[in-house]
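These notes concern the structure reproduced below.
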Amino acid sequence: MQSSCDHSCNPNSKDKEMEVIGIEGTAWNLSVALFSDEEGVVCEVESPYVPERGGIHPREAAQHHAAEIKRVVGEVLRASEEISGVAFSQGPGMGPCLRVVATAARALSLLLRKPLVGVNHCVAHIEIGMWNCGVYDPVVLYVSGANSQVLVYHFGRYRVLGETLDIGIGNALDKLARSMNLQHPGGPKIEKLAADGGNYIPLPYVVKGMDFSFSGLTTAAEDALRRYSAEDVAFSFQETAFAMLTEVSERAMAHLKKEDLLLVGGVGANKRLQEMLRTMCEDRGARFHVPEKRFLKDNGAMIAYLGLLMLKCGAITEIENSAVKPNFRPDEVEVRWRI
Ligand code: AMP
Ligand code: MG
């Protein structure tokens with residue numbers, strides 16, 4: 001269990017206005033945090049699930065979260081002063097994992113007699129990125145394990161301008177890494193291998209309008225492993241996939257005349273992806289923003305932060321409406337806090 005509470009918690013502070021506890025556990029990372037409007041992230045404790053082999057198994061990840069959640073929430077609660085609300089990741093994510101988180105959040109809300117706030121995980125990634133980078137109206141490239149989307153805020157919602165037609169870029173990287181017998185998560189390992197590659201192997205570049213696809217690319221890259229080095233395959237995969245993401249992000253910026261691009265989600269930690277996006281932005285005289293690494297991956301702070309924004313505008317989730325939403329899309333959320 002990793003904790004950032006020891007030094008940053010200030011349980012004796014008397015002048016906090018509102019403080020929300022946020023519980024994230026849609027997939028690999030069980031992460032619980034406190035966010036206050038005075039101090040920002042007061043405290044965050046996480047317990048990542050690392051599969052022994054293969055990818056994330058939903059039942060095993062849920063069992064990990066169930067075994068850890070009492071301890072993780074307990075540690076965060078000890079650092080709290082007065083909680084105003086209980087936020088949780090309502091979706092999208094793995095059903096069994098979401099149910100563990102939702103059950104804990106409902107129990108906590110009833111116990112503390114504080115409102116429950118069901119949060120969309122994708123919107124939370126966007127909001128914490130904007131908060132951390134101090135940018136207000138960017139085109140957003142959200143790239144994580146299961147999700148890959150280009151979004152922009154327009155008339156009360158984050159609109160999805162483009163997205164993957166099959167698997168997320170993170171899942172594609174993880175799958176390619178598994179074919180190389182590398183342990184999950186594969187993204188950082190592919191990045192490392194790619195740095196030692198340099199021969200570009202042509203791979204399927206699939207952009208259809210504003211959407212992209214990574215499934216055929218992954219299969220072709222797996223196939224290429226029989227003929228080329230892992231380093232060159234990793235390099236070529238990154239160059240191809242990241243060029244696709246850069247192309248769609250640029251088209252969104254050009255059409256909407258936006259001058260800011262915000263990168264969020266776990267794959268956003270990739271330096272080559274950042275470099276490509278930064279170059280594209282510089283070439284068009286736009287600004288590129290990427291939050292701190294701890295806010296890129298799945299984290300409880302983003303759930304607590306969006307929970308706070310929603311609570312302040314009365315977007316409370318009644319227990320009877322708190323069922324998990326494994327396919328919860330960001331454009332389903334009415335963004336009342338921006339209006
Ligand atoms: P998230 O669900 O937002 O926490 O993102 C998890 C995904 O990010 C996994 O698929 C990881 O393999 C991927 N990831 C993490 N770090 C990197 C990196 N440096 N390069 C590429 N992918 C990464
Ligand atoms: Mg995520």
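Just so it is clear, the structure is predicted and the values come from calculations on it, not from any experiment. Ligands are counted one by one from 1 in listed order, and the atoms in each one are counted from 1 as well.
Remark: Arg272 does not engage Glu191 in a salt bridge, criterion side-chain N to carboxylate O under 4.0 Å.
Using cut-offs of 30° and 60° on the angle between ring planes, the pair His125 and Tyr142 is tilted.
The backbone N or O of Leu30 sits nowhere less than 3.5 Å from a side-chain atom of Glu68 that would complete a donor-acceptor pair.
Near His125, meaning under 4.0 Å from one of its heavy atoms, ligand 1 places the atoms 3 (O). Listed by number with element, the atoms of ligand 1 under 4.0 angstrom from any heavy atom of Lys297 are 4 (O). When each atom of ligand 1 is checked for a heavy atom of Gly170 under 4.0 Å away, the hits are 10 (O).
Taking the six-membered ring for Trp and the full ring otherwise, Phe237 and Phe235 have centroids separated by 6.0 Å or more. Side-chain rings of Trp131 and Phe35 approach one another, their centers coming within less than 6.0 Å.
For the Mg ion (ligand 2), protein N, O or S atoms closer than 2.8 Å were enumerated as His121 NE2, His125 NE2, Asp298 OD1, with waters left out.
In terms of N/O distances under 3.5 Å, ligand 1 is not approached by Gly265. Not one N or O of Ser144 is nearer than 3.5 Å to an N or O of ligand 1, by distance alone. Between Asn171 and ligand 1, no pair of N/O atoms sits closer than 3.5 Å. At under 3.5 Å, not a single nitrogen or oxygen of Val143, backbone or side chain, sits near a nitrogen or oxygen of ligand 1.
Of all protein heavy atoms, the one lying nearest to atom 19 (N) of ligand 1 is Glu191 OE1, 2.8 Å. From the protein, the heavy atom lying nearest to atom 5 (O) of ligand 1 is Gly266 CA, 3.3 Å.
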